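The structure under discussion appears below in the form of structure tokens.
Because the structure is a prediction, the values reported are computed rather than measured.
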Amino acid sequence: MSHALLFEIFEWLAASMFGGDLGQAYLGTQGDEWDAQKDMLLATLGAALSVTALGLAGWLSPRR
């Protein structure tokens, strides 16, 4: 989640520096104002799914 947040902040700063049409083209949101939130939600769901799968496979159990 933190990597997704850092990427979205970097993307926003780059678009702000480019400005205008070039900034909008760099973002590539195609008019979707919720693009950053959707990307971060999918990153969170992917991380949760990975942790769940690894936990069920026994890879996250403490070593004894």
Side-chain angles (χ1 to χ4, degrees):
M1 184 65 183
S2 64
H3 285 87
L5 173 67
L6 289 174
F7 178 79
E8 293 299 335
I9 289 174
F10 173 75
E11 191 177 41
W12 167 67
L13 288 173
S16 294
M17 288 190 325
F18 292 145
D21 291 336
L22 183 58
Q24 288 299 318
Y26 176 78
L27 284 177
T29 59
Q30 292 90 24
D32 184 8
E33 63 185 39
W34 295 100
D35 181 64
Q37 290 82 359
K38 289 177 185 175
D39 291 346
M40 290 172 37
L41 174 64
L42 289 175
T44 303
L45 291 175
L49 180 65
S50 297
V51 169
T52 301
L54 289 173
L56 291 174
W59 283 44
L60 296 179
S61 61
R63 307 246 183 228
R64 293 181 186 205

Expected list for residues 37-44: side-chain donor-acceptor pairs under 3.5 angstrom, two or more places apart:
{"residue": "Lys38", "atom": "NZ", "partner": "Asp32", "partner atom": "OD2", "Å": "2.9"}
{"residue": "Thr44", "atom": "OG1", "partner": "Met40", "partner atom": "O", "Å": "2.9"}

Would you give the length of the straight line joining atom CG of Leu6 to atom CD of Glu8, rounded to the nearest 0.5 angstrom?
-> 10.5 Å
Is there a path of hydrophobic side-chain contacts, each under 4.5 Å between heavy atoms of I, L, V, M, F, W or Y residues, that connects Leu22 with Phe10?
-> yes
Tell me the salt bridge (charged side-chain N to carboxylate O under 4.0 Å, His left out) pairs involving residues 14-23, sequence neighbours left out?
-> none
With the side chain counted from C-beta on, respond yes when Leu56 and Thr52 share a heavy-atom pair under 4.5 Å apart, and no when they do not.
-> yes
Partner residues of Ala47 under the side-chain contact (heavy atoms from CB on, under 4.5 Å) criterion, sequence neighbours left out | none
